[in-house]
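These notes are about the structure you will find just below.
Predicted, not measured: the structure shown is a model, and the values here were computed from it.
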Amino acid sequence: MTTNSQKNIEESYALKLAELLNETWKVENAPDETSWPDLLVDGNGQNFGLEVREIYSDESRKGSPKRAKESSHIKQVKLICERYYKISSTPIIVKFLGCIKDVEKIIDCISAIESLDDFQQVKLEPYFGSLIFITILPDSCIQYDRWIYVSDKVGWVSKLNLNIIESKILEKAVKLPKYSEHLNDVRLLLVCNSLLNSGNYQIPDVSELDTQGFTKVYVLKYPDSLSVIGS
């Protein structure tokens, strides 16, 4: 079952797609996940279903190891952030490099910072293999929580294999007969999230690929690049 968090991500991808198409869409969740695509869209007088799928080059039947590691880091950073604000009211931005497993040592290190001026920066090493870069924020930035695990944000940009894109279209096309019972227009959105290493790929020319029954297939390199398959 898709979580609320995942649904929010799907909606954000759909709205970014609409922005890149210079269109205004009203997006809502479908009645169920079995016989409907992920989202229902009302856009420019057209009503259609939109199935959303993130893609990764290292994906297997068990998912993407790289994406799983990134998800683990996101949860750990969120935990550290929540723990920090339970003991301190000073808003900060934190960027992590390396190991972040020892929450207690990291919290002790961050909370030991002496009073600093707004936007002053400091580099800390809670323990060997763990680096933290902290920026002090004004008091008006109450409990600022957009902390970052930097190691997941930088890396080489490789070209995504065209076969991977084609395989994901085929994978999702299997569900089209059920979707077509409710909708005449069903589209597919494939997403490479370039803000993370797991999705930071150069998209090849997809113009010759078959939509496999979808009205259109969108290949979004989130957040700023789009390719469209189908008229």
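Across all non-hydrogen atoms, the minimal contact from P138 to P91 is O-CG, 3.0 Å. The minimum heavy-atom distance linking D118 with L137 is given by the pair OD1-O, 3.6 Å. Nearest heavy-atom pair, D108 versus S111, reported as atom, atom and distance to 0.1 Å: O-OG, 3.3 Å. When all heavy atoms are compared, the tightest approach of I100 to I80 is O-CD1, 4.1 Å. The nearest pair of heavy atoms linking S225 to L20 is N-CD1, 4.2 Å.
Among H73, K69, Q76, the one residue that satisfies the side-chain contact (heavy atoms from CB on, under 4.5 Å) test with Y149 is H73. Between I92 and the choices I113, I136, V122, the side-chain contact (heavy atoms from CB on, under 4.5 Å) rule is met once, by I136.
Transitive grouping of hydrophobic side chains (ILVMFWY, heavy atoms separated by less than 4.5 Å) brings V94 and I87 into a common cluster. There is no path of hydrophobic side-chain contacts, each under 4.5 Å, that joins I107 to F128. In the hydrophobic clustering of this structure, L170 does not group with L188; members are Ile, Leu, Val, Met, Phe, Trp, Tyr whose side-chain heavy atoms approach within less than 4.5 Å, directly or through other members. Criterion: ILVMFWY side-chain heavy atoms under 4.5 Å apart, direct or through other members. Under it, L124 and F119 are part of a common hydrophobic cluster.
Within a 6.0 Å sphere centred on CD1 of I142, heavy atoms belonging to other residues, nucleotides or ligands number 12 at most. Within 6.0 Å of CG on D32 lie more than 12 heavy atoms contributed by other residues, nucleotides or ligands.
Side-chain atoms of E51 do not come within 3.5 Å of backbone N or O of K172 as any donor-acceptor pair.
Ring planes of Y222 and Y13: perpendicular class, angle over 60° (limits at 30 and 60°).
Residues L50 and D38 fail the side-chain proximity criterion, which asks for heavy atoms closer than 4.5 Å.
Under a cutoff of 6.0 Å and an axis angle of 45°, K95 and F133 do not form a cation-pi pair.
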### Task
Run the numbers on L176 and F214 for side chain to side chain contact (heavy atoms under 4.5 Å, CB included), then give the verdict.
CA-CA 8 Å; L176 274 175; F214 288 101; 3.6 Å; yes
N/O donor-acceptor pairs under 3.5 Å from side chains in residues 21-28, not counting sequence neighbours:
| from | atom 1 | to | atom 2 | distance (Å) |
| --- | --- | --- | --- | --- |
| E23 | OE1 | W25 | NE1 | 2.8 |

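Y56 and E54 share a side-chain donor-acceptor pair at under 3.5 Å.
A search for side-chain hydrogen bond (donor to acceptor under 3.5 Å, both in side chains) contacts involving D205 returns S207, not counting sequence neighbours.
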